[in-house]
Amino acid sequence: MILGPAARDARDLFAATIGGEPAGLWSAPGRVNLIGEHTDYNDGFVLPFAIDRRTYAAATRSAERRIRVASTLEAETVEVRLDELDLVFPDRREAVPEWARYPLGVASALLPERDADLPGVDVAIASDVPVGSGLSSSAAIECAVAAALDELWELDLDRIALARAGRLAENEAVGAPTGIMDQLAAMLGRADAAVFLDCRSLESEVIDLGFREQGLGTLVIDTGVTHSHATGGYRERREACEHGAAVMGVTALRDLSVDDLARAAELLDDASFRRVRHVVTENRRVLDTVEALRAHGPGTIGDLLLASHASMRDDFEISIPELDTAVETAVAAGAIGARMTGGGFGGAAIAVVPSESTKDVTDAVTEAFAASGFSAPRCFSVTPSDGARRDA
Ligand code: GLA
């Protein structure tokens, strides 16, 4: 396999900080969520796909019983002894720099999987997944490191167990109360396909997107507005959903259907009701999108993507003017559908675009941003790609 720049960066960083050749090179992709936003932690449905932007972990075993991590994004190398890895979990995590909590959190989550004496591990990380754009750069780090540790520690875990370790790192070590969509997408992605996930049972199905055959591509429009899910709006939305489920007497909002919304409107205050309505209708839209893809192909999903965006803008209130402008302009310039993707409050929108219109859409969005006084967006195409793997 020919290694791209980020893979070479990881190996070069390994040589510079740790020294010598790594035992192997593992990688995991970022993801785009086609539809199903804020449904994962409500036990619902999502339809993400892994993208052709990846994080690489060059790693090797070490005789010293500690994990040592280096990243091209940081000057310092961080090391923590294996018997002190719980350091990255709540209460003590402030002692570890935030960037290092992702890989060390994964190591900490995987540690109890094997009793025998584990060797230490040295790992150097490099990535071409944009950070803070809603493309799950964090899940890409977690899953690349999880794949590396699975082999180096001979754990032989399945992909779902590795995804769970990534999520645990995100929740406990980083402190972002996210669901499991991003890690499952990074683990289970397949070229030219999306992964249909039931976030309650964790059952998954690969769904052909048929974008290539239909001459369609996916354009990411990165607003450059960064966000953190460890603080603020994401957590509040999650709490609103838990409140809605409790008032409605169900385990999770997954257990409500569109028919329950009239009763929800009677029992809940206006804001809580709208949060609930987003999740309930979004679950329906994921199922409808899967059905549309299967029955008619991708040409018919545009309205569902737009309805999803409107629901996030009006009911869940997680969009921002830049994302609304991106979506409206993309569709006016020829996209068959568009929506913000990821947790919201910034990040990126995606547009499904006939290949011949990619330039028109990019130009139109760039001009609309300039006219509104927004910082220039970064537009780039992504293709649905394979999940975590060993590259060398
Ligand atoms: C972030 C989280 C995911 C999911 C999305 C919203 O990406 O990491 O678990 O909740 O937001 O759909």
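Order of appearance sets the numbers: ligands from 1, and atoms from 1 within every ligand. Atom set for the values below is all heavy atoms of this structure, side chains included, hydrogens, waters and symmetry mates excluded.
- Using a distance-only test at 3.5 Å, with no hydrogens or angles considered, a donor-acceptor pair links the side chain of His38 to the main chain of Gly343.
- Taking the ring axis of Phe345 as reference, the NZ or CZ atom of Arg237 does not stay both within 45° of it and closer than 6.0 Å to the ring centre.
- Alongside Val131, the hydrophobic cluster contains Leu73 (criterion: ILVMFWY side chains under 4.5 Å).
- Under a 4.0 Å N-O distance rule, the pair Arg284/Asp288 qualifies as a salt bridge.
- Phe374 and Phe369 have perpendicular rings, their planes meeting at more than 60° on a 0 to 90° scale where under 30° would count as parallel.
- Summarising the local packing, CG of Asp314 is surrounded by more than 12 heavy atoms from other residues, nucleotides or ligands at distances under 6.0 Å.
- For ligand 1, the 4.0 Å heavy-atom shell takes in Arg31, Glu37, His38, Asp40, Tyr41, Thr178, Gly179, Met181, Asp182, His229, Tyr234, Gly342, Gly343, ordered by chain and residue number.
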